[in-house]
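A short worksheet on the structure shown next.
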Amino acid sequence: MGELTSQDDLFGIDEPKPPVEPTSVYRPLADRLRPSHVDEFAGQVRVVGESAPLRVAMEKRQAHSCLLWGPPGVGKTTLAGLYAERLQAEIVYMSAVEAGVRELRAVITAARERRQSSGRLTVLFLDEIHRFNKTQQDQLLPSVERGVLVLVGATTENPSFSLNNALLSRLRVYRLQPLDDAAMHALLDRALTHPEGVRETTGGLPLVMDHAIADRLVAAADGDARRLLTLLELAAQLAGDNADGTAREVGEETLEALLSQSPRRFDQGGDEFYDQISAMHKAIRGSNPDAGAYWLLRMLDGGADPSYLARRLVRIASEDVGNADPRALTIALDAWTAFDRLGVPEGELMLTQAAMYLAVAPKSNAVYTAHKAILATVKQRGTDPVPMHLRNAPTALMDREGWGKGYRYAHDEPEAYAAGESYLPDGLVGERFYAPVERGLERSIAERMRYWHELDDQATEKRASGSSDSPSG
């Protein structure tokens with residue numbers, strides 16, 4: 001096609017024009033403030049602080065495969081990037097949610113070729129590595145073992161449960177913690193003052209807030225740096241100008257609109273869930289009603305299944321209170337029933353009441369201990385026959401063969417107790433599993449059992465001495 005004339009222009013045929021480059025490309029605040037040096041990294045002193053193990057490895061350029069284990073928003077991706085940069089390595093980002101064996105093989109092949117052609121290392125950052133199954137994890141083993149690539153895995157789950165032992169043994173595990181308030185406030189200050197911070201969101205105007213607002217923003221972020229910066233960016237977008245128009249100001253109204261749908265960190269079925277369940281159980285066992293109710297309501301607020309929590313309270317009633325206060329089991333069951341009838345939020349009060357009652361009740365794990373001991377004995381001994389005197393004799397033949405012979409009917413004995421009688425298999429005669437404690441109702445139970453044991457001992461002594469009035473059977 002030849003050159004276009006003005007006649008062509010009249011018919012709307014224009015010369016091809018180069019694509020127009022956008023004047024700006026949006027980058028989230030969290031990405032703009034991503035640290036470019038380990039000194040800018042927020043928190044995690046035990047991992048990247050002075051003389052901390054990963055910091056030393058980075059400074060000495062010591063390559064090793066590792067696992068970054070911690071909740072969201074604590075810097076796992078950023079740390080992997082800083083590590084690769086320090087090693088002068090090529091970094092490949094991959095998510096276990098999307099990647100499969102074929103994608104892994106492609107990365108491994110490229111890493112091997114890169115190493116052979118230029119000697120340059122490849123760091124594979126594998127996010128959510130816990131989502132890989134055993135076959136996928138095994139695919140990584142030879143490459144990690146031979147140093148074909150440096151694997152940096154990231155997980156929010158306990159690696160003891162989510163990674164197979166073969167892979168875990170080849171990784172150095174670094175535990176990252178939620179950021180403390182000091183680190184979060186430092187990050188907030190950096191975002192407010194950094195050239196690429198919130199001023200890019202406010203059109204160059206500074207963003208201001210009082211200390212109380214800043215404290216609430218940090219509390220809402222709950223140790224998650226990414227969440228803090230996301231909330232701050234949203235606050236900058238919602239904030240209005242101050243009185244003289246020289247700054248944007250985050251006030252109470254803006255904060256309430258921002259935080260109305262900001263949930264607490266909670267992972268149903270993950271580490272956070274089981275850590276908090278453990279805290280609630282141990283607080284109640286430790287007779288602290290405030291802490292027991294606190295962890296219960298923390299989990300309810302975070303979205304835990306109330307029925308699961310009710311089941312745990314019933315378990316505590318038997319395991320940790322037991323016969324020291326048998327009413328505890330009834331109260332726990334009643335609270336569960338009441339919750340099922342009332343639902344949320346009214347029924348939550350019944351669960352709180354049960355948790356507090358269990359906490360202040362006298363404690364005994366005697367039933368729990370006896371349960372475990374008896375169960376272990378059952379599994380170890382096999383099938384011990386029922387002693388003849390304890391067997392029923394519904395037929396004449398069984399009666400002639402001695403079924404039930406020598407059985408002593410307790411109600412016909414003094415104090416309705418057949419002193420010296422044995423009710424266990426022959427190989428377990430004399431074994432005692434249940435040892436009530438000297439607390440609550442079990443104090444009375446213990447006293448009663450001591451008296452019965454004294455009667456048993458007296459009967460045994462009489463039987464041993466051949467006394468004519470010793471119990472028969």
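Because the structure is a prediction, the values reported are computed rather than measured.
- A distance-only check finds a donor-acceptor pair linking the side chain of His389 to the backbone of Ser422 [under 3.5 Å].
- At least one donor-acceptor pair under 3.5 Å links the side chain of Lys363 to the backbone N or O of Leu358.
- Atom CD of Glu447 sits in a sparse spot, with 12 or fewer heavy atoms from other residues, nucleotides or ligands closer than 6.0 Å.
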Exercise for review: Take Phe132 and Leu126, measure what side chain to side chain contact (heavy atoms under 4.5 Å, CB included) needs, and give me the verdict at the end.
Suggested key: CA-CA 10 Å; Phe132 264 8; Leu126 188 54; 3.5 Å; yes
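- Scanning all heavy atoms of the two residues, the minimum distance from Ala283 to Ala291 falls at CB-CB, 3.7 Å.
- Between Arg315 and Tyr368, the closest heavy-atom pair is NH2-CE1, 3.3 Å.
- Residue Glu253 qualifies as open at atom CD: its count of foreign heavy atoms under 6.0 Å is 12 or below.
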Practice item. Could you go through the side chain to side chain donor-acceptor pair (under 3.5 Å) check for Tyr417 and Asp456 one step at a time? Key: CA-CA 10 Å; Tyr417 184 74; Asp456 288 338; 2.8 Å; yes
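- For Tyr423, the OH atom sits in a packed shell: over 12 heavy atoms of surrounding residues, nucleotides or ligands are nearer than 6.0 Å.
- No more than 12 heavy atoms of other residues, nucleotides or ligands lie within 6.0 Å of CD in Gln353, so this atom counts as exposed by the packing criterion.
- Not a single side-chain contact (heavy atoms from CB on, under 4.5 Å) links Ala186 to another residue, sequence neighbours left out.
- Atom CG of Asp301 is separated from atom CZ of Arg298 by 8.5 Å, given to the nearest 0.5 angstrom.
- Residues Leu124 and Met94 approach most closely at CD1-CB, 4.0 Å, considering heavy atoms.
- With contacts defined as side-chain heavy-atom distances shorter than 4.5 Å, the pair Phe339/Val344 qualifies.
- With a 6.0 Å radius and a threshold of 12 heavy atoms from other residues, nucleotides or ligands, Arg432 has its CZ atom above the threshold.
- Remark: the backbone N or O of Gly100 is paired with a side-chain donor or acceptor of Glu103 at under 3.5 angstrom.
- To the nearest 0.5 Å, atoms CD (Gln44) and CZ (Arg175) are separated by 9.5 Å.
- With respect to Glu454 and Arg450, no salt bridge is recorded, no charged nitrogen being found less than 4.0 Å from a carboxylate O.
- Residues passing the side-chain contact (heavy atoms from CB on, under 4.5 Å) test with Ile108, sequence neighbours excluded: Arg112, Ser143, Val148, Leu149.
- Remark: Arg312 does not engage Glu319 in a salt bridge, criterion side-chain N to carboxylate O under 4.0 Å.
- Between His281 and Tyr274, the distance separating the two ring centers is not shorter than 6.0 angstrom.
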Exercise for review: Kindly indicate, with the supporting measurements, whether the criterion side chain to side chain contact (heavy atoms under 4.5 Å, CB included) is fulfilled by Met58 and Arg55.
Suggested key: CA-CA 5 Å; Met58 292 173 69; Arg55 176 70 171 264; 5.6 Å; no
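- Between the CG atom of Asp181 and the CG atom of Leu188 there is a distance of 11.5 Å, given to the nearest 0.5 Å.
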Exercise for review: Given side chain to side chain contact (heavy atoms under 4.5 Å, CB included), test Val74 with Leu68 step by step and report yes or no.
Suggested key: CA-CA 10 Å; Val74 295; Leu68 304 178; over 6 Å; no
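- A donor-acceptor pair under 3.5 Å links the side-chain atoms of Gln136 to the main chain of Asn133, judged by distance alone.
- Side-chain contact between Thr254 and Ile213 is absent, with no heavy-atom pair separated by less than 4.5 Å.
- The shortest distance between side-chain heavy atoms of Pro306 and Leu300 falls below 4.5 Å.
- Looking only at side-chain heavy atoms (C-beta outward), Leu217 and Leu228 come within less than 4.5 Å of each other.
- Side chain of Trp69 to main chain of Ala154: no donor-acceptor pair is present (N/O by atom type, distance under 3.5 Å, no hydrogens or angles).
- Of all heavy-atom pairs between Asn392 and Trp403, the closest is O-CD1, 3.1 Å.
- Between the Lys76 side chain and the Pro71 main chain, a donor and an acceptor come within less than 3.5 Å of each other.
- In terms of modelled atom types and a separation under 3.5 Å, the side chain of Lys134 and the main chain of Asn164 share no donor-acceptor contact.
- A salt bridge is absent between Glu401 and Arg391: the closest approach of a Lys/Arg side-chain nitrogen to an acidic carboxylate oxygen does not fall below 4.0 angstrom.
- For the atom pair CG of Leu141 and CZ of Arg170, the computed distance is 5.0 Å after rounding to the nearest 0.5 Å.
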Practice item. Just do the side chain to side chain contact (heavy atoms under 4.5 Å, CB included) check on Val198 and Leu192 with the steps written out, would you? Key: CA-CA 6 Å; Val198 291; Leu192 293 172; 3.9 Å; yes
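- The side-chain heavy atoms of Phe41 and Thr78, taken from C-beta on, include a pair separated by under 4.5 Å.
- Under a cut-off of 6.0 angstrom, the local environment of NE2 in His185 is crowded, with over 12 non-hydrogen atoms contributed by other residues, nucleotides or ligands.
- Residues Leu296 and Thr352 have side chains in contact (heavy-atom distance under 4.5 Å, counting atoms from C-beta outward).
- Taking Tyr434 as the reference, Asn323, Glu442 meet the side-chain hydrogen bond (donor to acceptor under 3.5 Å, both in side chains) condition, with sequence neighbours excluded.
- Using a 4.0 Å cut-off between charged side-chain N and carboxylate O, Glu415 and Arg448 make no salt bridge.
- From Leu207, atom CG reaches atom CD of Glu233 across 11.0 Å, with rounding to the nearest 0.5 Å.
- Contact check on Arg34 versus Asp31 returns a salt bridge, with a Lys/Arg side-chain nitrogen under 4.0 Å from an Asp/Glu carboxylate oxygen.
- By the 30° and 60° cut-offs, the orientation of the rings of Phe125 relative to Tyr93 is perpendicular.
- Side chains of Leu455 and Tyr451 form a contact here, defined as non-hydrogen atoms less than 4.5 Å apart.
- Here the shortest heavy-atom pairing between Gly75 and Leu176 reads C-CD2, 4.4 Å.
- Annotation for Val48 and Ala52: closest pair N-CB, 3.7 Å, computed over non-hydrogen atoms.
- By the 6.0 Å contact criterion, CZ on Arg226 is open, its count of non-hydrogen atoms from other residues, nucleotides or ligands being 12 or less.
- From Leu54, atom CG reaches atom CD of Gln62 across 10.5 Å, with rounding to the nearest 0.5 Å.
- You'll find the side chain of Thr230 stays beyond 4.5 Å of the side chain of Leu29, heavy atoms only.
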